[in-house]
Structures are given as structure tokens and as C-alpha cells.
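Heads up, the thing below is written out as C-alpha cells.
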Amino acid sequence: QVHVADSGGGSVQTGGSLRLSCAISGNLESRNCVGWFRQSPGKEREGVALIGTPSYRWYGDSAKGRFTISRDNAKNMVYLEMKSLSPEDTAMFYCAAANGGCWSPVLATRFHFWGQGTQVTVSS
């Protein structure tokens, strides 16, 4: 049984930074895809960043140049470093793990194990 726990959200001012953490337990292979998604009220859940093999990274358009996803397999942790945050980044962020590797298109339905969500609020 795979369990995902996300944390690290908070309230920051425009231009600030946050590091989100995702703790993964259970029998999930290191090659399996882990992603960060975000959702604000009335909007679809949006893929933010994915990590699969150590060399594979995917970023949504809104994250490119600002966010960095990384993985520490020894600690079963995935991180999302977010910089230059803006109010448009305000959302509930979710960490999720897939049963296999990363595939395109990026769809939330491909991920079966989800964290409870951690709120990110960016004030102007």
C-alpha cells in the first residue's frame, strides 16, 4: 500500500519562496512518476511538475524557470522548490504518485496515490 503525505505550504508575499515536501511510503519504485498538482476553487487540477527517473523532469508552463522538483530516494522524499511566487500561484498543492513511469499527456487521472493537499497562499 502506497501512502503520500504532502506538507510545506504556507503564506508568503509576492516574490517569496516555499519548499514543499512529499513523503512517500509503501512499495513504490524509484522510477515511478511523482508529481505536484495544484487546484484553486472552480478550476481543474493542474500539473505543476513531475519527476521520474533521475534525469527526467517535466514542468508546466507556469512553473518553468521558477520551480524545481527533486527527489531523494534514500529518504523517500520528493521536493518542490518554488521561487518568485505570485498571487496566481495561490492554490491547494497536492503531491501524487503513479503506478508507473511518467507519461504524456499529463493527467491527474494517471496518478492513483494522493496526499491530502497543502495550501499555498501568495499575497500581493
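Aromatic pair Tyr94/Phe111: centroids not less than 6.0 angstrom apart.
Nearest heavy atoms, Arg110 versus His112: O-CD2, 3.6 Å. Minimum heavy-atom separation, Val122 to Thr90: N-OG1, 2.9 Å. Here the closest non-hydrogen pair linking Val4 and Cys22 is CG1-SG, 3.5 Å. Across all their heavy atoms, Gly47 and Val106 have their closest contact at CA-CG1, 4.4 Å. In terms of heavy-atom proximity, Gly9 sits nearest to Leu20 at N-CD2, 3.6 Å. In this structure, Ala108 and Trp114 approach most closely via the heavy-atom pair O-CZ2, 3.4 Å.
Glu88 pairs by the side chain to side chain contact (heavy atoms under 4.5 Å, CB included) definition with Ser86, not counting sequence neighbours. The side chain to side chain contact (heavy atoms under 4.5 Å, CB included) test applied to Arg31 returns Glu29, not counting sequence neighbours.
Here the CG-CD distance, from Leu18 to Glu81, works out to 9.5 Å after rounding to the nearest 0.5 Å. Note: Asn32 CG to Ile51 CD1 = 12.5 Å, rounded to the nearest 0.5 Å. Atom SG of Cys33 and atom CH2 of Trp103 lie 10.5 Å apart (nearest 0.5 Å). Here the straight-line distance linking atom CG of Leu80 with atom SG of Cys95 works out to 9.0 Å at 0.5 Å rounding. The CG atom of Leu85 sits 10.5 Å away from atom OG1 of Thr121, with the distance rounded to the nearest 0.5 Å. Rounding to the nearest 0.5 Å places CG of Leu50 at 10.0 Å from OH of Tyr59.
Within the 4.5 Å cutoff, the side chain of Val78 has heavy atoms near those of the Trp36 side chain. With contacts defined as side-chain heavy-atom distances shorter than 4.5 Å, the pair Ser62/Arg38 qualifies.
Identified under the side-chain hydrogen bond (donor to acceptor under 3.5 Å, both in side chains) test for residues 7-28, with sequence neighbours left out: none.
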Could you check Cys102 against Trp58 for side chain to side chain contact (heavy atoms under 4.5 Å, CB included), going step by step and ending with a plain yes or no?
CA-CA 9 Å; Cys102 293; Trp58 176 90; over 6 Å; no
CA sep, side-chain torsions, deciding dist, call: Val34, Arg71, side chain to side chain contact (heavy atoms under 4.5 Å, CB included):
CA-CA 9 Å; Val34 178; Arg71 192 169 193 165; 3.6 Å; yes
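Distance alone, capped at 3.5 Å, places no donor-acceptor pair between the Asn76 side chain and the Ala23 backbone. Not one N or O on the side chain of Gln39 forms a donor-acceptor pair closer than 3.5 Å with the backbone of Ala91.
Two different hydrophobic clusters hold Phe67 and Tyr56 under the rule that ILVMFWY side chains link at heavy-atom gaps under 4.5 Å. Hydrophobic clustering of Ile, Leu, Val, Met, Phe, Trp and Tyr side chains at less than 4.5 Å, counting indirect connections, keeps Ile69 apart from Tyr79. Hydrophobic clustering (ILVMFWY, side-chain heavy atoms < 4.5 Å, transitive): Phe37 and Met82 are in distinct clusters.
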